Q: 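For reference, the structure I am asking about is given below.
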Amino acid sequence: MKQIIDVFNGDADGVCSLIQVQLDRAAELDNAGQIKQHISHQLITGIKRDIQLLKRLPEIRGRDTQVNIFDISLDKNIDGVNHLLDSGCSVFYCDHHFPGVIPQHPKLTTIIETSAEVCTSLLINGYLNGAYPEWAIVGAFGDNLKIPARKLAASIGLTESQTEQLEVLGIAINYNGYGPNIESLHFDPAHLYEALVKYENPLDLFEQQADIVEKLVSNYQQDMNSASSITPYTADEKCAVYLLPDQTWALRVSGVFGNDLANQYPNRAHAIVSENGKGGYQISVRAPLVNKMGADVLCMQFSTGGGRKGAAGINHLPIEQLDNFILIFRQQYS
Ligand SMILES: [Mn+2]
C-alpha cells in the first residue's frame, strides 16, 4: 500500500502549505477517478517551536513511502532526511529557513528559498501554479510578510476587505502555533489543519466555520490585550527588549507580539523574552522591518537558536546568559 506522510510546522505557514498540497492531491485523485483508500495518510506536526519533527517519524520505510516536509529547517532535520532517503523513501521538501548543504539524491525534491520576502506557502503557490492562492496569502500574512501577501491578493483581484479577512485569519492561525506544548494551544495544529482543509477558499470559512474563526481571533485578541500593558525592559531607537511574565499566555503571544511591535516600529529590532518553564528563556527576535537581516545569524550563535533573516528565535537560553544575549543583540542592530 502506498503511504504518504505529511510533516509540517504547526504555524500558519506550515498549515497553509499542506492545505494547498492536499487540495491539489485530492483534485488530481478525483480527476483520475482513483480510489483513495489505497493510500494511507499520516500527519506529523507540533507546536511552532517543535521543528525537529522528523525525529517523530515511525519506522516505516521503503519505496512506497512518500514523505512531504513543509516549513521546517532542512539543516535541523538533515539526519532524518538522509535516513529516509537511505531507506528508499521519496522526499519532497519545501521551506524558507536556513537549509545548510542540500543533499543531491534522485529521490529528493527540494523547493528551498531563503529570501526574506518568501515563505513556504508562497513557494507552494508557485509550485502549484497558483492553484489555491488565498491559502498562500493566509500563510504569508501569518509569517508577517504583509507586502508579498498584499501583492498576491491584488494580483488575483481580492477586495480590500477580503484581503483583510485573510490577514486576520493568517495572524490568528500563526498565533495558535505558539505555546510551550500542544496542551497550551487552543487548537492542535493537526486538528486545525483537518478542519480547514475542507475549504478550497479560506474566505468561505468566515461564513461556514464562523465559530472556528471567531475562537482563533478572540483568543489572539485576548492574549494581545494582556501583552499591551507590558513596557520594554530596555529600548532605544534601534533595539527593544521585552520581558514577558512567566505565564502561558505570554508564551502563546510572544511571536505575534513581536510581529506587532515590528509593524509598529519598523526601524527597530525587537527581542521578546519569556520564561520557558524549563529554567531558561524562550526568545523571539524580529529584525527591523526596513532591513530584514541578521536575526538568523544572531540566534544561531546559541545552541537552540534558529530561524530566518527577518524572524528567528532561541528555544532555551540559560537564565545567566540573558545579559550576554542582550549585548550581542544590541551589537547586531545598533
Ligand atoms: Mn514559515
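Predicted model, so just to flag it, every value in this text is computed and none were measured. Order of listing sets the numbers, starting from 1, for every ligand and every atom in it.
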Q: I'd like to know if the Mn ion (ligand 1) has an N/O/S atom from D143 within less than 2.8 Å of it, counting both backbone and side-chain atoms.
A: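 Yes, D143 qualifies, because one of its backbone or side-chain N, O or S atoms lies under 2.8 Å.
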
Q: Flag yes if more than 12 heavy atoms outside Q264 fall under 6.0 Å of its CD atom; otherwise flag no.
A: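 Yes, the 6.0 Å shell around CD holds more than 12 heavy atoms from other groups.
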
Q: Which value, rounded to the nearest 0.5 Å, describes the distance between I173 atom CD1 and L205 atom CG?
A: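 Here the rounded value is 7.5 Å.
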
Q: Restricting to N/O/S, name the atom of D13 that gets closest to the Mn ion (ligand 1).
A: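 So the atom name we want here is OD2.
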
Q: Give a yes/no answer: is there an N/O/S atom of H96 under 2.8 Å from the Mn ion (ligand 1)?
A: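 Checking H96: at least one N, O or S atom is under 2.8 Å.
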
Q: Is D95 close enough that one of its N/O/S atoms sits under 2.8 Å from the Mn ion (ligand 1)?
A: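 It does not; every qualifying atom lies at 2.8 Å or beyond.
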
Q: With the Mn ion (ligand 1) as the reference point, give the N/O/S atom of D71 that is nearest.
A: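 Per the distance ranking, D71 contributes OD1 as its closest N/O/S atom to the Mn ion (ligand 1).
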
Q: With rounding to the nearest 0.5 Å, note down the distance linking CG in D260 to CD1 in I171.
A: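 Between atom CG of D260 and atom CD1 of I171 there are 8.0 Å.
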
Q: Regarding D6 and R25, does a basic nitrogen lie under 4.0 Å from an acidic carboxylate oxygen?
A: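 Yes.
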
Q: Say you draw a straight line from CZ of R286 to CZ of R268; how long is it, rounded to the nearest 0.5 Å?
A: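 If we round to the nearest 0.5 Å, R286:CZ and R268:CZ are 14.0 Å apart.
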
